[in-house]
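All of these numbers come straight from a predicted model, not from anything done at the bench.
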Amino acid sequence: LVYTGLSSQAERVQTRIRFRNSLIKNKEKLVYSSKETKAEEWLKLAQYPLGINGLKYYLVTFGLILFLTTYYVILPILINGGAQKLTMVAAVIILLLALLAAPSNPYSLFVYLMKRVIEYHQAKKHAEVFMLYDLLINEIEMMNISRINTYNILRNIKPYFVVLDKPLTKLLTSWSNDEGPKAALEQFEKELNSKESQALIGVIKNLDDLDRKTALGHLRGMHNMFVRSQIENYRRKRKITTDLLGIPIKITHFLIILNFLVVIVTMVSVILKSSRM
């Protein structure tokens, strides 16, 4: 009522506009700063699993740590009038959880999971690059003419891909730009970012200038080389799956050991207390 009486309508409108602009700027600043964090870097490489970005991860993590600290440390101290043994144990456990969730800690559980997810996506990408070799060879083998049209071949095989669907869409969209097909293929090569894809892109760049027999020879030669590397990728993928399945077992062992340590600390404190009495 006092604010309404001391200010005009125009002043109140200006105040609301300034307040709204301040909120928008602070929000943009927060989003921009979150993109420079370690969590955002890891989640971006992992292709944002479950739609979680750096800002969401920090909000959830800090909220959980704050809740646990308040419920198991601050409230017991306020109610009991001082720190108890269980309160100290709870504080140590919460600190360990914070260290395990810290993206800046290279040995944290968060970093371990992100590495496994990144390796899993890389394995899927390699599998589709391998399929790209096969489909290119099959398309060229089924051609009735010796003249190769690379754009039509890539457009025909694009629906068969899932991981490479978006990069192939960008490639076909940029094919007819002013920079030309070679610039589009170079960008496609950067997105794939693997030795096998580099060799494949090198052949695709020259497919329009090669005859059918020469192109098949190059592709089959690289295909055999890729088969050997794909076997190694399969072994790595199996190792990732085994590691992920072993996480619940490792967590269980960790909790058992932690519970054992808590029991020992409690027993020692009780014995010491009884001996003093």
Side-chain angles (χ1 to χ4, degrees), residues 34 37-127 163 231-277:
S34 67
T37 58
K38 201 69 176 178
E40 180 71 20
E41 180 181 342
W42 279 111
L43 290 167
K44 183 178 180 181
L45 292 175
Q47 300 182 14
Y48 299 107
L50 302 178
I52 300 175
N53 56 17
L55 180 60
K56 291 180 181 178
Y57 177 78
Y58 279 120
L59 288 176
V60 172
T61 305
F62 289 157
L64 180 61
I65 296 298
L66 181 62
F67 170 77
L68 293 176
T69 304
T70 304
Y71 191 80
Y72 291 104
V73 179
I74 298 177
L75 288 179
I77 291 176
L78 294 176
I79 294 173
N80 299 325
Q84 303 293 326
K85 296 292 183 181
L86 293 178
T87 305
M88 299 301 296
V89 173
V92 172
I93 294 175
I94 293 172
L95 179 61
L96 290 176
L97 290 176
L99 291 175
L100 288 175
S104 56
N105 180 15
Y107 304 103
S108 67
L109 181 62
F110 173 81
V111 174
Y112 177 80
L113 289 175
M114 290 301 102
K115 286 182 178 179
R116 301 288 83 79
V117 173
I118 291 170
E119 290 177 1
Y120 175 73
H121 284 300
Q122 285 293 112
K124 289 180 65 177
K125 185 185 292 185
H126 285 312
V163 178
I231 293 173
E232 184 63 28
N233 290 334
Y234 175 76
R235 292 175 179 172
R236 190 181 300 113
K237 183 179 178 181
R238 294 295 301 175
K239 183 178 181 300
I240 294 171
T241 305
T242 304
D243 292 341
L244 290 175
L245 292 177
I247 288 177
I249 299 174
K250 294 178 181 178
I251 293 175
T252 304
H253 289 170
F254 173 76
L255 293 176
I256 292 172
I257 295 172
L258 185 62
N259 181 66
F260 183 69
L261 292 175
V262 171
V263 171
I264 292 177
V265 171
T266 306
M267 289 175 60
V268 172
S269 63
V270 171
I271 293 171
L272 291 176
K273 186 177 179 180
S274 62
S275 63
R276 290 173 184 173
M277 294 176 62

List the atom pairs, donor and acceptor, that lie under 3.5 Å between side-chain atoms in residues 93-114 and the rest of the protein, sequence neighbours left out.
| from | atom 1 | to | atom 2 | distance (Å) |
| --- | --- | --- | --- | --- |
| Asn105 | OD1 | Tyr107 | N | 3.2 |
| Asn105 | ND2 | Leu99 | O | 3.3 |
| Ser108 | OG | Ala102 | O | 2.8 |
| Ser108 | OG | Asn105 | O | 3.0 |
| Ser108 | OG | Val111 | N | 3.3 |

Q) Of all residues at least two apart in sequence or in a different chain, which pass the side-chain contact (heavy atoms from CB on, under 4.5 Å) check with Tyr48? A) Glu40, Leu43, Lys44, Asn53
Q.
I'd like to check the side-chain contact (heavy atoms from CB on, under 4.5 Å) partners of Ile257; sequence neighbours left out, ordered by chain and number.
A. Leu261
Q.
Just verifying a value: how many Å separate Gln47 CD and Lys125 NZ, rounded to the nearest 0.5 Å?
A. 6.5 Å
Q | Residue pairs passing the salt bridge (Lys or Arg N to Asp or Glu O under 4.0 Å) test where at least one lies in residues 97-118, sequence neighbours excluded | A | Arg116-Glu119
Distance-only check: which donor-acceptor pairs under 3.5 Å involve side-chain atoms of residues 59-69, not counting sequence neighbours?
| from | atom 1 | to | atom 2 | distance (Å) |
| --- | --- | --- | --- | --- |
| Thr61 | OG1 | Tyr57 | O | 2.7 |
| Thr69 | OG1 | Ile65 | O | 2.7 |

Mind listing the side-chain donor-acceptor pairs of residues 245-256 below 3.5 Å, one per line with the distance, residues two or more places apart or on another chain?
| from | atom 1 | to | atom 2 | distance (Å) |
| --- | --- | --- | --- | --- |
| Thr252 | OG1 | Pro248 | O | 2.7 |

**Q.** Any residue meeting side-chain contact (heavy atoms from CB on, under 4.5 Å) with Ala91, in chain and number order, not counting sequence neighbours
**A.** Val73
